[in-house]
Amino acid sequence: MTLKNRYIIQAGLLLLFLLFLRLTLPVPQGASLLSDMATQQASANHSDSDGAEKTSSWMLKWKGEPEADFAAMSQVIKQDYQSGILVARPASGISEAEWVYRWSHSYAVQYITENQVLRVSAAVTPNDPFVSRQKYLEQIHAPEAWTQVNYNDSLIIALVDTGVDLEHPDLKDNLVPGINLVQRNQPPQDDNGHGTMVAGVIAASGNNNKGVSGLLWKAKIMPIKALEKNGVGDEDKLGEGIRYAVDHGAKIIVLSVGLLRNDPFLKETVQYAEDKGVLLVAATGNDDGSLVKYPAAYPSVLAVGGVRTNNQVEPRSNYGPELDLVAPWSVYTTAMNGQYKYEEGSSMAVPQVAAAAALAWSVNPTLSVYELRNLLRQTAEDLGQPGWDMYTGYGLLRVDKAVSQPYVNDMYEPNDSVTEAKPFPLNSMIVGELRDGQDRDWFTIDAPYDGTVKLEMNASLAVPANTQWIHYSTAHPEGVVYPIYTLGTIDVNVSKGSHLFLLMQDNSVSSTAWPYRITNSFHIGSDPFEDNDRSYKAYKLAPRDQVVTGNFDKENDQDWFSMTLERSGIIKLRLTSDTKRMDLIMRVQPKGGTLITVDQNADGESESYRLEAYAGTYYFQVDKTDNQPVNGTYTLEVQYEERPLDMNEPNDKSYQATLLGNDYELEGVIDRNDQLEDIDWFKLYITDTSLLQLHLSQIPANRKMNMQLLNNSLAYVTSVENGIGETQLSLQQPLSPGTYYIKLSANANFRDQLYKISAKIDYLVSGYIDIAGHWAQPAMEELSNKQIISGFGDYTFRPERSVTRAEAVSMLVRAFGYAKYKAIDFTDLSPGFWAYDAISLAAQAGIIQGYPDRTMRPDQPLTRIEMAVLFANALKISGKQRGNHPFDDVELDHWAVPILKQMKAEGWITGYDDGGFHPDQLSTRAEFASMLTRVMGK
């Protein structure tokens, strides 16, 4: 058996028991006295100016089915099944006093009230000439209210606004001293007009044959100028204005201003006013959205939105769970310089409610501030869906009912069953009553997210024994019980969706009523990525497209995410929120790099960023401008496209040229969305006469690329271009010291493949890139400068390459200047051979002879011993037989020993450290050049 069913059975048994007692026991003697007192009070009420007269019928509303003895004791006159109202009178022979006492004390009766006869009361119309333009007064039934009361000059109403036109003829008689918080040495004179319009709605002097009429014909308006000429002000001045008003006797404060975000300063200021018994009335805002602005969004502030003349919701008026009332959006009111004008906005609806509160307070001066708020709610005209809703709140302001209807301790009755549960809007205060131990108060709370509902209990009386909340949800259909022992706060974990709450006493015999006040507040739960408030705690995201939804559930909450890329690509980030209460900030940081802050847009607007990302780790931070928790979520959309990237961009102009170093390779693409042709510029520095070799590779097969070399003045030096199908380019150019530029372009953009460009810079020594620092450099330089020796077409000398017989002969001929030719008849040498003439001259000089087989073998590498003999022939050295053995690795019977003996003795040749000459080792070009230089020197 559920707890709920058990309570129903117990209530039924108790009902039968009480009915038995009532039918068998005599009526107490005090009953007649109580009934007489009630009758006397009713009679007094009937003599009021509304024209009602006492009748002998009564209106009852049952909580459920009528009690069994009702029919026997009553004469039913009328029953309205739709409203549940039954009109009846005591049956013949039954005392009316006893009958009224019986049913006014029955737990089964929701309420019983006398059925009064109404007379027509003429509405009061002031003589102000423009009152016919004030259609909103009729919409809220102000003329009917004025038959009861039309002024309240016993309390002060403060306007925290732009000031008031202090000399306006329709306002000045209703003003009391205020303050200017913008220019403190000046009076609170309006320089914008907004405050003057608000003041006119409240208290333009009525029935004075001037202009318009305020809801209050006479009042005390305290102007507090907290906003500047442009209608904008700082929050600290708003708070100061509220405190000034409270401290200087104001009982109602009108706030036709609003802020998007909650913060501790404003919250404390609002609570200060509540603690001092001051009513705050504030506008929801005009932002076309489901967002009630602060301070209207606080539970202790009466939040007012706007409706059109047909009582339809004004689309521009903000709405939400904090909305209490609506009032006409458009008014005709006082304006600057003694003028009058039409104006609209929720800020024009607010002063109507504030003035109505003042009128109601004058009729019910003993009401507390929370009871006054409740009176305005319970007397509102229901609009839209039955009961409270987030678009119209509790309904349209009805001034006539606010000043004529009695205050009801529990406006939410009947709510004794699940089907009668009343909405308990988030971030609001409800005022109700448990009439006795059998009363049950059911409420529904709609949670917008997973989180926690805080229920703060307040009451003037101690908590009755066995009082408890029971929370019913999908997760716990049986209910979770929260015992209430003392006044305070309980926290209830809730999931997104609708929840049922039951407030009750588990005490069937208690007859004591317990009035209560309950304030709820909602706190969003933490998101699934916590704890990620620091970069080193960043939640790791996979490198792919994804959507992340998070929130800020605590003070100083910041959410960090990271993404590690194995390959380069484009990361697109878009940050949005589902509430304007967030002014989002996005920060992006490559690991070890600079933190980039993205905060381009206003509250509630999205932030976007595009990042060209290379392999590595990237951090994304989601933050907002304030450090307070907020009920709402943000959405981080991440798009990742793997793509080759040009890390050299921007380098589309010569002054943006990327530095290209020696033996360094860079990658790039030709791809720009904002122009037809992408041009990539590079630059390099030449410090000495050098040979520059540029190499461009990985050219797409369907693209042509052009590579230009320009000097420091951007004058053309040289260029190369590939053909379709050719995937690489090379350029070689000797250069003098200076700065040079490389300009790359293509016949069409490409983005799916990276080109590679590299530079090799070699110092040129006598036109060669490979002799600098060589042991034979001086010899090679000398011979090159004398044009005795030459290198290859690629600017190399190749000093370690073996020298051929033809090369050696050519160098000797140029060195010694032989000029006579000899006919030669080598079988492997034709006249077209490049060294044919040099070999002919050398043969005439007796330097060379061919082989016995009549071959010259010109391309055969020259051995060291052949080099020695060649030089000996040029020096006319014939050799000597006597002397020491020249080298250990040359046999004494070797045919060249005599020549080696003489050349060593004369210092032309030397051996190696091992004592050998290495006769069969090939002679290098460097060795030959060195030997030739020595020979020429002597």
Side-chain angles (χ1 to χ4, degrees), residues 527-529 532-550 558-577 584-601 605-624 634-653 656-661 664-675 678-682 697-700 703 744 746 749-758:
D527 59 52
F529 309 106
N532 62 338
D533 297 335
R534 297 290 183 270
S535 59
Y536 63 86
K537 296 180 179 179
Y539 186 89
K540 293 180 174 59
L541 302 175
R544 57 176 174 80
D545 292 355
Q546 57 202 287
V547 176
V548 174
T549 300
Q558 300 174 346
D559 288 351
W560 284 85
F561 302 91
S562 68
M563 180 181 286
T564 299
L565 307 181
E566 295 183 359
R567 298 177 183 85
S568 64
I570 302 296
I571 298 176
K572 294 180 181 179
L573 303 171
R574 186 170 185 266
L575 184 61
T576 59
S577 71
L584 292 170
I585 300 173
M586 178 166 51
R587 296 184 176 92
V588 181
Q589 183 181 32
K591 186 175 183 179
T594 303
L595 186 68
I596 301 167
T597 299
V598 183
D599 185 14
Q600 302 295 323
N601 298 312
E605 296 181 353
S606 64
E607 301 289 349
S608 299
Y609 189 72
R610 181 181 184 274
L611 173 67
E612 294 186 348
Y614 301 91
T617 299
Y618 294 82
Y619 294 94
F620 315 130
Q621 184 202 53
V622 180
D623 198 2
K624 55 187 177 67
Y634 65 79
T635 299
L636 177 63
E637 299 178 42
V638 183
Q639 293 182 343
Y640 169 63
E641 177 187 355
E642 186 177 312
R643 182 196 301 179
L645 294 180
D646 192 342
M647 64 184 302
N648 307 305
E649 293 289 352
N651 65 339
D652 305 307
K653 307 294 181 183
Q656 297 174 317
T658 302
L659 182 63
L660 181 61
Y664 194 74
E665 185 176 68
L666 296 176
E667 296 179 325
V669 294
I670 303 294
D671 175 37
R672 286 298 297 274
N673 295 327
D674 56 351
Q675 59 188 51
D678 182 20
I679 297 176
D680 287 354
W681 286 80
F682 301 88
S697 62
Q698 294 188 182
I699 302 172
R703 294 290 188 271
L744 290 183
N749 290 349
F750 58 88
R751 63 188 298 183
D752 298 325
Q753 182 173 329
L754 289 167
Y755 68 74
K756 292 186 177 183
I757 184 172
S758 61

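Keep in mind that what you see is a predicted model, and the values were worked out from it rather than measured.
- For the pair E566/P543, no side-chain contact is recorded, criterion being any heavy-atom separation below 4.5 Å from C-beta on.
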Exercise for review: Verify side chain to side chain contact (heavy atoms under 4.5 Å, CB included) between Y640 and R544, making sure each step is shown before the conclusion.
Suggested key: CA-CA 5 Å; Y640 169 63; R544 57 176 174 80; 5.6 Å; no
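- Rounding to the nearest 0.5 Å places CZ of R587 at 11.0 Å from CD of E607.
- Side-chain contact between Q589 and I596: absent, with no pair of heavy atoms (C-beta onward) separated by less than 4.5 Å.
- Within a 6.0 Å radius of OH in Y664, other residues, nucleotides and ligands contribute 12 heavy atoms or fewer.
- Between the OG atom of S562 and the NZ atom of K537 there is a distance of 14.5 Å, given to the nearest 0.5 Å.
- Side-chain contact between L611 and I570: absent, with no pair of heavy atoms (C-beta onward) separated by less than 4.5 Å.
- Side-chain contact between L575 and L573 is absent, with no heavy atoms from C-beta onward closer than 4.5 Å.
- Looking at heavy atoms from C-beta onward, L565 lies in side-chain contact with M563 at the 4.5 angstrom threshold.
- No donor-acceptor pair under 3.5 Å is formed between the side chain of Y619 and the backbone N or O of A538.
- Within 6.0 Å of atom OH in Y539, 12 or fewer heavy atoms from other residues, nucleotides or ligands are found, so the atom counts as exposed in its surroundings.
- You'll find the side chain of Y755 reaches within 4.5 Å of the side chain of L744, heavy atoms only.
- Of all non-hydrogen atoms in D527 and G550, the two that sit nearest each other are OD2-CA, 3.6 Å.
- Across all non-hydrogen atoms, the minimal contact from V598 to S608 is CG1-O, 3.5 Å.
- We find the CG-CG distance between L666 and N648 to be 5.0 Å, quoted to the nearest 0.5 Å.
- Between the side chain of Y614 and the backbone N or O of G569 there is no donor-acceptor pair closer than 3.5 Å.
- Across all non-hydrogen atoms, the minimal contact from S606 to R574 is OG-NH2, 3.8 Å.
- Contact check for L636 versus F561: side-chain heavy atoms found under the 4.5 Å cut-off.
- In terms of modelled atom types and a separation under 3.5 Å, the side chain of D678 and the main chain of D671 share a donor-acceptor contact.
- Annotation: side chain of E649 is in contact with side chain of D680 (closest heavy-atom distance under 4.5 Å).
- Minimum heavy-atom separation, V669 to F750: CB-O, 3.6 Å.
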Practice item. Apply the test side chain to side chain contact (heavy atoms under 4.5 Å, CB included) to residues D559 and F529: give CA-CA distance (whole Å), side-chain angles for both, the deciding distance (0.1 Å), then the verdict. Key: CA-CA 8 Å; D559 288 351; F529 309 106; 5.8 Å; no
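- Heavy-atom minimum distance, L754 versus P644: CG-CB, 3.4 Å.
- Q753 and Q698 share no donor-acceptor pair across their side chains, judged by distance under 3.5 Å alone.
- Proximity of a side-chain donor or acceptor of N651 to a complementary backbone N or O of A657 within less than 3.5 Å is not detected.
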